[in-house]
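Atoms within a ligand are numbered from 1 in the order they appear, just like the ligands themselves. Heavy-atom basis, side chains included; hydrogens, waters and symmetry copies ignored. Position 1 is the first residue of the sequence, and the numbers go up from there.
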Amino acid sequence: MPDFDFDLFLRDYWQKKPLLIRNPWAEWHNPLDPDELAGLACEAGIESRLIESRDGRMTLAHGPFAEDRFGELGKAPWTLLVQAVDHHVPDVAALIAPFRFVPDWRIDDVMVSYATDGGGVGAHFDQYDVFLVQGMGQRRWRVGPVYDDSSPLLPHEDLRLLAGFEATDEWVLEPGDILYVPPGFGHDGVAVGDDCMTYSIGFRAPSRSDLIAGWCDHLIDSLTQDDRFADPDLRTQDNPGEILPAALDQLHAMVMEGLSDRAAFARWFGEYSSMRKYPEADWRPEEPVETDDLVAAIEDGVSLARNPASRFSFIRQDTGAITLFVDGQSFDCTGESAALAEALCAEAMIDLDPALTESPDARRLIAALIDQGSIAFDDEEEED
Ligand code: SIN
Ligand code: CO
């Protein structure tokens, strides 16, 4: 996006206020056909929703849908929404790249919607930041003030629709235009004309309750029942009913000691946040990769491709070592394997340096990531 100042955006808009960005792309191409989107919505293992608006009443159905479903829809406005399309369509995955001024661990996935004239999901707010990229057709977005969990909703068994939504801004988006909506801001997008496609680059932010629950669950896993309060120095006390400060200090310390372990928390968070949202896209080979094949591929300078459903991130240790996190697993990396880990986190596809055959650590890392289905050799050229 040549015409976009990321630093200015982060300073003035990110998590603060909505922004309409009129077509900042050098050249905008809609990356997916409506028919292909409908095809994805028919596949098991892909999350999709169909919302129809009939006589002011919205109905929700969940996919996968039968192939003839879309042909049978009547004149009433409807919209189809498909989650994580970036996992299945490389041109849609490419839409994330310009938004990587936000770190990868904050990125969720790309949802794609298709709507007929008047179609939309209704006025709502989300917990997360989103960039809404208009792919084709037009959509009128009305964006409003900040709402929260206490805001009144319309009675609806499936949809969380805001009651009395009052927009403060209104824009009609054309292909290539982008609307940024921070968490909590009410928004309502309605297709203007048929063939309206919108790409939502969605972010995520862990809730405090999920963090505490996850970290505590992890700590509990390593604790045993014999790790318990003990008071071999117990003294008599005036009132046996009192819980003395010294006992409380000891109990509180028992809880806080583990909880405040920053290094253990860092490893847990890396593993937790790199867990896949959709584990279905399974790239695991039937047999573990053979060392000879691995060495031969590296010598040939073959490229490594990341599974688009996989999550990669890393933490840099004070020692310069790298802890790599991929799909819920952690890998301690130094030297060549650390450089490889950083390269894998930076790009979805990397060219391997043939010199890596000399590094057992790097070879082990590549083999482990292939075996767990997070990367694969990209041998398209050989097949051609
Ligand atoms: C849509 O694409 O219609 C909905 C996206 C959103 O409101 O988050
Ligand atoms: Co939304």
All side chain to side chain contact (heavy atoms under 4.5 Å, CB included) counterparts of Val121, not counting sequence neighbours:
Ile51, Thr79, Leu81, His124
Here the atoms of ligand 1 under 4.0 Å from any heavy atom belonging to His124 are 6 (C), 7 (O), 8 (O)
Rounded distance [0.5 Å steps], CE in Met136 versus OH in Tyr199:
8.0 Å
Any donor-acceptor pair under 3.5 Å linking the side-chain atoms of His187 with those of Asp126?
yes
Which of the atoms in ligand 1, numbered in the order shown and given with their element, are less than 4.0 Å from a heavy-atom of His187?
6 (C), 7 (O), 8 (O)
Under a 4.0 Å heavy-atom limit, does Leu132 contact ligand 1 with its side chain, its backbone, both, or neither?
side chain
For Arg139, counting its heavy atoms only, list the atoms of ligand 1 lying under 4.0 Å from any of them.
3 (O)
Residue, atom name and distance, where the atom is the protein heavy atom closest to atom 1 (C) of ligand 1:
Ser113 OG, 3.5 Å
Mark yes or no: Lys16 above the aromatic ring of Tyr13, with NZ or CZ under 6.0 Å from the six-membered ring centre and no more than 45 degrees from the axis.
no
For the Co ion (ligand 2), what is the number of protein N, O or S atoms at a distance under 2.8 Å?
3
Spatial distance of atom CD1 (Ile322) from atom CG (Asp332) [nearest 0.5 Å]
10.5 Å
Which atom of Leu356 lies closest to which atom of Glu336, heavy atoms considered
CD2-CB, 3.9 Å
Given Asp188, Thr79, Val121, Leu80, which one has a non-hydrogen atom that is nearest to atom 4 (C) of ligand 1?
Val121
Mode of Trp141 contact toward ligand 1 - side chain, backbone, both, neither (heavy atoms, under 4.0 Å)
side chain
Does NZ or CZ of Arg306 lie under 6.0 Å from the centre of the six-membered ring of Phe312, at an angle within 45° of the ring axis?
yes
Check: Phe101 ring centroid to Phe9 ring centroid under 6.0 Å
yes
Salt bridge or not between Arg57 and Glu157? Use side-chain N to carboxylate O under 4.0 Å.
yes
Within-shell test, Ser200 vs ligand 1, heavy atom, strictly < 4.0 Å:
yes
Which part of Asp126 is near ligand 1, with near meaning a heavy atom under 4.0 Å away: side chain, backbone, both or neither?
side chain
Which atom names give the shortest non-hydrogen contact between Ala309 and Arg276, and what distance separates them?
O-CD, 3.0 Å
